[in-house]
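Here is the structure we will look at.
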Amino acid sequence: MRKRKMLMTTGLFLLMVLMLTGCEPSKKKVVTSSYYKELKKEKEKLERQNQQLKKEMTKKEEPGVDEERAIDYLDKIARDSLVKLEVGYADNMEGSEFVKEEAAFDMATAIAKRADITKKYTPEEVENRFGPGYEYILYDENNAIYEIFVYGGNYVVFTDLPNNVYYAYNASALGEAFLHYKNGYPDSTLLHRLSDAALIVDKKGGCYENTAASAAAIAINNMEKTKSSRKEARQEWKEESGKKKNYEPKSEYYLFYHHGNTLSLTLYDKYFRLENMDGKKTWYRVNEDGVNALKEIFSQERQWMEQEQKGGETVEEETQEKKHFSEIQEEDGRR
């Protein structure tokens with residue numbers, strides 16, 4: 001702002017000089033006067049300062065070489081076509097998991113889409129504060145390899161951009177989805193595991209995040225439902241439709257990834273089925289509004305994901321960015 005004011009002052013000064021020296025009747029007298037000579041020197045000095053200020057402003061407004069390289073690098077990951085993904089704990093990649101689920105590739109590239117540089121931590125500070133975290137290795141169709149380290153859930157360091165720390169909402173989802181707990185599996189209920197699932201995939205390959213898992217688990221917990229069975233469901237479908245015994249209406253299927261295990265939810269018309277990680281299946285009967293409420297949760301989440309993949313900004317993203325900004329302000333205030 002100060003430099004812009006200086007440029008404006010310079011311009012006004014030059015205009016005054018031209019006005020003072022532009023009077024034709026006294027031109028000869030003016031150009032030979034010491035006053036004019038002083039003004040001319042000052043004018044030339046200010047012109048040089050003006051040019052220098054313009055150069056400095058242009059340099060600040062344009063991204064530097066490192067910044068341009070980082071932008072290009074992140075954009076390449078965000079738009080790349082992956083063929084394989086390796087996920088592991090950063091301090092022990094010997095126990096890593098190779099993932100070929102294409103929905104997980106969407107989550108991996110989403111990290112680059114969401115990456116926003118932060119000065120809250122240096123790479124050394126973020127590791128010291130949060131520990132080794134997760135390591136992701138992305139392989140694309142042209143044999144390019146990208147290595148990503150995730151700390152504290154949302155902080156990211158790219159090996160090829162070693163001097164920067166980025167904030168990427170939910171970057172830890174892949175590690176939480178595919179890696180088993182280090183110290184054994186804690187006791188928890190089926191609904192708790194559903195709620196805690198980091199990644200969901202539908203039968204069409206659509207990808208959903210934990211917000212959908214949590215919302216679905218809460219809805220199931222709160223709705224009025226009665227335990228049932230496949231036999232009871234098929235009997236009701238047969239009576240209502242007049243079709244054969246094994247008839248099933250159109251269903252929607254969702255696979256939940258939870259710390260190296262999978263659970264599933266299948267939605268029918270007035271029935272839904274939950275499958276635990278040990279393969280045990282539980283049927284429930286509810287009214288159609290209950291099933292439709294669950295379908296709406298996934299529909300809204302899918303729209304959110306598709307909008308992000310197309311590059312659109314969403315309310316949730318804005319909320320997370322505001323939360324991130326508040327975190328930085330709070331951290332700075334404590335220093």
Side-chain angles (χ1 to χ4, degrees), residues 85 97 99-107 173-174 176-178 180 185 188-309:
L85 171 66
E97 296 287 338
V99 180
K100 294 186 178 181
E101 176 64 69
E102 290 191 10
F105 299 164
D106 291 340
M107 285 294 298
L174 294 170
E176 293 167 359
F178 297 105
H180 292 274
Y185 206 88
S188 58
T189 65
L190 170 59
L191 284 181
H192 180 271
R193 288 190 285 275
L194 279 178
S195 178
D196 198 38
L199 177 68
I200 307 172
V201 179
D202 63 29
K203 57 186 177 183
K204 294 181 180 178
C207 178
Y208 308 81
E209 298 187 56
N210 175 257
T211 47
S214 179
I218 291 171
I220 291 170
N221 185 58
N222 292 335
M223 69 173 55
E224 293 184 7
K225 56 188 180 297
T226 56
K227 276 195 175 183
S228 185
S229 66
R230 178 186 290 272
K231 182 178 179 180
E232 290 178 4
R234 283 181 169 172
Q235 182 61 34
E236 183 172 346
W237 294 331
K238 179 183 177 182
E239 291 173 358
E240 290 186 351
S241 64
K243 296 186 179 181
K244 59 184 180 180
K245 181 179 179 181
N246 293 330
Y247 166 76
E248 288 187 0
K250 182 180 178 181
S251 64
E252 295 184 15
Y253 176 81
Y254 302 92
L255 187 63
F256 291 64
Y257 288 89
H258 179 262
H259 293 282
N261 293 292
T262 57
L263 309 95
S264 70
L265 169 65
T266 307
L267 302 177
Y268 298 95
D269 49 359
K270 292 175 286 188
Y271 290 87
F272 67 87
R273 184 189 70 204
L274 289 172
E275 183 174 355
N276 210 333
M277 60 185 193
D278 59 2
K280 181 180 178 181
K281 298 175 182 178
T282 306
W283 284 74
Y284 291 95
R285 190 189 190 286
V286 294
N287 58 41
E288 290 188 15
D289 289 341
V291 172
N292 289 335
L294 289 172
K295 290 179 179 179
E296 183 63 20
I297 288 171
F298 292 104
S299 176
Q300 290 183 0
E301 178 75 7
R302 190 68 206 132
Q303 289 176 16
W304 185 89
M305 293 292 291
E306 288 175 352
Q307 185 174 355
E308 182 186 47
Q309 288 168 10

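Residue numbers start at 1 and run along the sequence shown. FYI, side chains are in, hydrogens and waters are out, and symmetry mates aren't considered; it's all heavy atoms of this structure.
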Could you grab the distance from atom CH2 of Trp283 to atom CZ of Arg230, nearest 0.5 Å is fine? 4.5 Å

Pairs involving residues 196-217, ordered by first then second residue, that meet salt bridge (charged side-chain N to carboxylate O under 4.0 Å, His left out) (sequence neighbours left out): Arg114-Glu209

Do Leu265 and Ile200 make a side-chain contact, defined as non-hydrogen atoms from C-beta onward lying under 4.5 Å apart? no

Could you check whether the rings of Phe298 and Phe256 sit parallel, tilted or perpendicular, using 30° and 60° as the cut-offs? perpendicular

On a heavy-atom basis, the closest approach of Leu294 and Ala216 is CD2-O, 3.8 Å

Do the non-hydrogen side-chain atoms of Glu101 and Val201 ever get within less than 4.5 Å of each other? yes

Nearest heavy-atom contact between Ala219 and Ile297 is CB-CD1, 4.0 Å

Check the angle between the aromatic planes of Trp237 and Tyr271 and answer parallel, tilted or perpendicular using the 30° and 60° thresholds. perpendicular

Give the minimum heavy-atom separation between Ser195 and Asn210, together with the two atoms involved. O-ND2, 2.9 Å

Here the pair of heavy atoms bringing Ala173 nearest to Ala198 is O-CB, 3.4 Å

Within 6.0 Å of CD in Glu248, more than 12 heavy atoms from elsewhere: yes

Regarding Gln303 and Gln307, is there a side-chain donor-to-acceptor distance under 3.5 Å anywhere? no

Does Asn287 reach the main-chain N or O of Gly290 with its side chain, forming a donor-acceptor pair under 3.5 Å? yes

Within this structure, what is the CD-CE distance for the pair Gln300 and Met305, rounded to the nearest 0.5 Å? 15.0 Å

Flag, side chain of Arg285 to backbone of Lys227, donor-acceptor distance under 3.5 Å: no

Compare every heavy atom of Ala197 with every heavy atom of Ala213, then report the nearest pair and how far apart it is. CB-O, 3.6 Å

Answer whether the closest heavy-atom distance between the side chains of Phe272 and Ile220 falls below 4.5 Å. yes

Determine whether Asn276 and Arg193 make a side-chain contact, defined as any pair of heavy atoms from C-beta on separated by less than 4.5 Å. yes

Nearest heavy-atom approach of Ala233 to Ser228 is N-OG, 4.5 Å

Looking at Glu275, Lys281, Glu252, Arg273, which hits side-chain hydrogen bond (donor to acceptor under 3.5 Å, both in side chains) with Thr266? Arg273

What's the spacing between Glu176 CD and Tyr257 OH if we round to 0.5 Å? 16.0 Å

Nearest 0.5 Å please: distance from the CG atom of Leu194 over to the CD1 atom of Ile218. 11.5 Å

Report yes if some heavy atom in the side chain of Val291 is under 4.5 Å from a heavy atom in the side chain of Lys295; otherwise report no. yes

Inter-residue atom distance Leu267.CG - Ser251.OG, 0.5 Å rounding: 8.5 Å

Is there side-chain contact between His180 and Asn261, with at least one heavy-atom pair below 4.5 Å? yes

State the CG-CG distance between Leu199 and Leu174, to the nearest 0.5 angstrom. 7.0 Å

